[in-house]
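Heads up, the thing below is written out as structure tokens.
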Amino acid sequence: MLNEYDIGEGPATRVSLSLPEGTAEAIRRRVGKREFSAFITSAVERELRGLILDEYLADYERRHGSIPAEAQGRARQIFDEVFAEEGGWPAGS
């Protein structure tokens with residue numbers, strides 16, 4: 001039976017990953033060798049969540065039309081507040 005985990009859940013599993021050396025070195029300089037995997041995990045999880053959000057928004061717009069500018073502004077404000085509270089990065093403008 002195959003376990004299904006959500007993004008960020010489940011036991012760690014070893015995978016092989018190839019990166020340009022310059023990218024790998026920039027990560028090592030920023031976070032150190034010991035935090036390399038955690039950095040990559042966080043980046044991949046962020047990317048996956050972004051892709052899921054993009055897919056949801058595209059589906060929503062297909063079904064309901066464009067999201068009004070006022071609603072986009074409210075959503076951006078909420079995202080900015082949430083990320084500021086968690087010490088995360090601000091939402092893009």
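No hydrogens, no waters, no symmetry mates; every other heavy atom, side chains included, goes into these values.
- A distance of 11.0 Å separates OG1 of T41 from CZ of R46, quoted to the nearest 0.5 Å.
- Of the inter-residue distances, the one linking Y60 atom OH with L53 atom CG reads 13.0 Å to the nearest 0.5 angstrom.
- Both F39 and V44 are assigned to one and the same hydrophobic cluster, defined by single-linkage of ILVMFWY side chains at heavy-atom distances under 4.5 Å.
- The distance from atom NE2 of H64 to atom OG of S66, rounded to the nearest 0.5 Å, is 12.5 Å.
- Note that CG of L51 and CZ of R49 are 12.0 Å apart. Values are rounded to the nearest 0.5 Å.
- No path of Ile, Leu, Val, Met, Phe, Trp and Tyr side chains, each step under 4.5 Å between heavy atoms, connects L57 with I7, placing them in separate hydrophobic clusters.
- One finds no salt bridge joining R76 and D80 here, because no Lys/Arg side-chain nitrogen approaches an Asp/Glu carboxylate oxygen to under 4.0 Å.
- Once rounded to the nearest 0.5 Å, the distance linking CD of E47 with OG of S42 reads 12.0 Å.
- In plain terms, the two heavy atoms of A24 and F36 that are nearest each other are O-CE1, 3.6 Å.
- Of the possible polar contacts, one joining the Q72 side chain to the I67 backbone as a donor-acceptor pair under 3.5 Å is found.
- Around CZ of R63, the count of heavy atoms belonging to other residues, nucleotides or ligands within 6.0 Å exceeds 12.
- No donor-acceptor pair under 3.5 Å is formed between the side chain of E25 and the backbone N or O of G22.
- Taking CG from D6 and CD from E9, the interatomic distance works out to 4.5 Å, rounded to the nearest 0.5 Å.
- Side-chain contact check for S37 versus I40: every heavy-atom pair is 4.5 Å or farther apart.
- Using a 4.5 Å cut-off between side-chain heavy atoms of Ile, Leu, Val, Met, Phe, Trp and Tyr, with links allowed through other members, Y56 and F79 fall into the same hydrophobic cluster.
- At a threshold of 4.0 Å, the pair E35-R28 does not count as salt-bridged, since none of the basic side-chain nitrogens sits closer than that to a carboxylate oxygen.
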